[in-house]
Amino acid sequence: MLGYLQRLGKSLMLPIAMLPAAALLVRLGAPDVFDIPFVSAAGGGILDNLGLIFAIGIAIGFSRDGNGSAALSGAVGYLVFSGGYKAINDELDLGVFAGIIAGIAAGHLYNKFHDIQLPEFLAFFGGKRFVPIITSVLMVLVAGVIGLLWGPVQDGINSLGSWFINSGAVGVGAYGFFNRLLIPIGLHHVVNTLIWFDFGTFVDAAGQTWHGEINRFLNGDPDAGFFMAGFFPIMMFGLPAACLAMFAAAKKHRKAAVGGFLGSIALTSFLTGITEPIEYSFMFLSPLLYLVHAILTGLSMMVSFWLDIKHGFGFSAGLIDYLLNFGIASRPLLLLVQGVIFGLIYFVVFYVLIKKLDLKTPGREDDDEVYVEENEQTGAPSSGKGRKNYDGTAYHYLDALGGPENIKTLDYCATRLRLQMNDMSKVDEKALKRQGANGVMKVNKKNLQVIVGTTVEFLADAMRKRMDQGNMEAPTDSNAKEANDTSVQTQGFNADEFVMPVKGTMMPITEVPDQVFSQKMMGDGFAIDPEDGLYVSPVDGEILNVFPTKHAVGIQSESGHEILVHIGLDTVELEGVGFDVYVKEGDKVKKGDVLVKVDLDYVKANATSTVSPIVFTNLSENESVELLQSGTIGAGNKGIIDIK
């Protein structure tokens, strides 16, 4: 049942995603903005037909392949259903719920009958054409049952809605609390749908009836907005302040690594109200903080109610919706004051709890150094150009999930992959996080959610493409170039275009006393036992990434070869002490330009070894590195290796 409800929650996201368009049109055409009636009417055309839109969107979400026949069946089913039950009892109004019923039915019927074969004289009506027909038949029967029996149920739903709406601060606070508490299992969309589109009734001056908090607010109901206003202080101020607290509490050597990440997701929350990347960054590492977050959200909803603040959104409670609907809100400036206060509360509470209880928020994990080391071993950096290569990322995600054969179903919503797994034990959580996943949640023995962020749609499409093709070949440069115009295809290797990166003794990579390198897990190359600590660029090219602990630099040569200069072994544990870096990601470098200066004596005394592997991470399977010289060689000497 939980997995089924999650599937419903995912399906709801498609129709909900078009709400910003409706809200924008309604507001831009309103008398207090541009006073263009036909623009408002155009937005109202969406809001007037939410039941139909939900039927179409949910049918697509429940169908196995998102085919248009399922969408048509959802629309037909909704029209038959709504017309049927109203003919029996014209006092009934299921609203969006009618669209949900029709969409679920159409999606399931599509999956069952989309390939049905009928007798030859009826063959024209077989296959996908049969689905709208059988959907209509079923919805006639359902309409009859609903028309006769739904009256008491509707009274119960109305009573529940009335309780929420008429319970004042308690009802508003309870909704805010459970709205956040249900996010980990994805069921908040179900609750939101009832509050936003069903509960409450408002008849405007033209006699049009509107249901749900969003519709009533946008169409002038003076009593609407309580169930949305309290989210603005949380999404615009509270959660960004939580990010600041996590940054302030991070380990000193990890601040640079987590600062950019926390800053970007904080800005996303402030501007758009998309909060899941923040919430999933601490949800599983520190469940106590998430409970505190849910409680504070409920409290914010109650405070807004007590202050008689009414505000609303068409998408989420970020700055964009705050400004867009400012003109029809009640006491909106108080929300900013409330937001600043809640921001301070979030910062103090989060910082104190993190420090006092040693909570493992980003930058404070016990195994954060392990993640850095493992990032190097994948050959796929967690930042830099490779992140836009969705085909390459899809390969690594599929591999970490146990391969395509381990995935029973693959869906996604706004920020997360939703999967049903055949064997959960094959899922490698650390590998998923190395690829940029913000969180991994094993809902039960079969259902898995991987929090990706707002690019989840592109990743899911790339994964499906590989799954449909049965393709688990490791990505090549040509694949990367197709997915990311900034990549460069490798050209022939010129031994004179590669120079010794540091003075020292060359050795085959197979002699490195670390199996990650000696077994060429990261790629082929060679190693150097250095005699001084001045490391220079071996090629003309661009810096792809500099690892946070300064002990490794990735470079892409002009010929397209990607080279990792890894200084010493287990030097990640030195946390950057003894290393001075002279380049940053995106810098253009020439052969001989200084990359890093190292206190070699300190490294010798505190690390496993100073032996420095130089690895080509994107060679093809039939290419290998051949050493042309041996013994001690000075930095900048050329003709030292060749690639065969």
Side-chain angles (χ1 to χ4, degrees), residues 1-2 5-6 8-9 12 16 95-97 100 153-202 211-217 221-239 242 269 273 275-276 278-279 283 287-313 315-317 321 329-331 334-335 338-339 341-342 345-346 349-350:
M1 178 58 68
L2 180 60
L5 289 174
Q6 288 176 338
L8 173 61
L12 289 171
I16 287 174
V96 168
F97 189 56
I100 294 175
V153 178
Q154 180 166 298
D155 291 340
I157 293 176
N158 289 339
S159 298
L160 177 62
S162 297
W163 180 87
F164 267 108
I165 293 172
N166 298 322
S167 293
V170 174
V172 171
Y175 166 62
F177 174 74
F178 286 109
N179 171 276
R180 294 296 96 180
L181 205 62
L182 290 173
I183 281 181
I185 53 177
L187 299 186
H188 58 300
H189 297 312
V190 179
V191 177
N192 288 343
T193 300
L194 295 174
I195 295 291
W196 291 351
F197 307 118
D198 273 331
F199 289 171
T201 301
F202 171 66
H211 298 286
E213 185 79 352
I214 288 179
N215 294 331
R216 293 189 294 116
F217 175 79
D221 185 351
D223 295 324
F226 284 129
F227 284 85
M228 296 182 284
F231 286 119
F232 285 96
I234 301 301
M235 297 180 179
M236 291 176 59
F237 297 93
L239 284 172
S269 178
T275 61
E276 286 183 323
I278 297 178
E279 289 160 331
M283 181 185 298
L288 173 62
L289 284 183
Y290 195 77
L291 178 61
V292 170
H293 166 50
I295 293 172
L296 288 175
T297 301
L299 180 61
S300 176
M301 301 288 285
M302 297 172 73
V303 170
S304 294
F305 181 87
W306 288 327
L307 295 175
D308 196 30
I309 302 172
K310 301 184 201 102
H311 208 327
F313 46 79
F315 176 64
S316 193
D321 272 286
S330 298
R331 313 184 83 184
L334 276 180
L335 277 180
Q338 181 183 337
I341 294 173
F342 267 81
I345 293 173
Y346 263 80
V349 171
F350 268 58

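For this chain, numbers begin at 1 and follow the sequence in order. For clarity, every value in this text was computed on a predicted model and none was experimentally measured. Excluded from the calculations below are hydrogen atoms, water molecules and symmetry mates; all remaining heavy atoms, backbone and side chain alike, are included.
Distance OG1/Thr201 to CG/Asp223: 12.0 Å, rounded to 0.5 Å. A distance of 11.5 Å separates CD1 of Ile309 from CE of Met301, quoted to the nearest 0.5 Å. The line from CG of Leu296 to CZ of Phe342 is 6.5 Å long, rounded to the nearest 0.5 Å. Taken to the nearest 0.5 Å, the OG atom of Ser300 stands 13.5 Å off from the CD1 atom of Ile295. Rounded to the nearest 0.5 Å, atoms CD (Gln338) and CZ (Arg331) are 11.5 Å apart. For the atom pair Phe231 CZ and His311 NE2, the distance stands at 14.0 Å (nearest 0.5 Å).
Shown here for Ala169 and Trp306, the closest heavy-atom pair between the two residues is CB-NE1, 3.3 Å.
In this structure, the side chain of Glu213 engages the main chain of Phe226 through a donor-acceptor pair within 3.5 Å. When atom types are taken as modelled, the side chain of Thr297 and the backbone of Arg180 share no donor-acceptor pair closer than 3.5 angstrom.
Contact annotation: the side chain of Phe177 approaches that of Leu291 to within less than 4.5 Å [non-hydrogen atoms, C-beta and beyond]. Counting only heavy atoms from C-beta outward, the side chains of Ile195 and Met228 never approach each other to under 4.5 Å.
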Exercise. Check step by step if ring pair (Phe, Tyr, Trp, His ring centres under 6.0 Å) holds for Trp196 and Phe217.
Key: CA-CA 10 Å; Trp196 291 351; Phe217 175 79; over 10 Å; no
Q: Mind running side-chain contact (heavy atoms from CB on, under 4.5 Å) on Ile341 and Tyr346 for me, showing each step along the way?
A: CA-CA 9 Å; Ile341 294 173; Tyr346 263 80; over 6 Å; no
**Prompt:** What's the verdict on side-chain contact (heavy atoms from CB on, under 4.5 Å) for Leu335 and Ser304, showing C-alpha distance, side-chain angles and the deciding distance?
**Reply:** CA-CA 8 Å; Leu335 277 180; Ser304 294; 3.8 Å; yes
field: Arg216 vs His211, side-chain contact (heavy atoms from CB on, under 4.5 Å): CA-CA, chis, key distance, verdict
entry: CA-CA 6 Å; Arg216 293 189 294 116; His211 298 286; over 6 Å; no
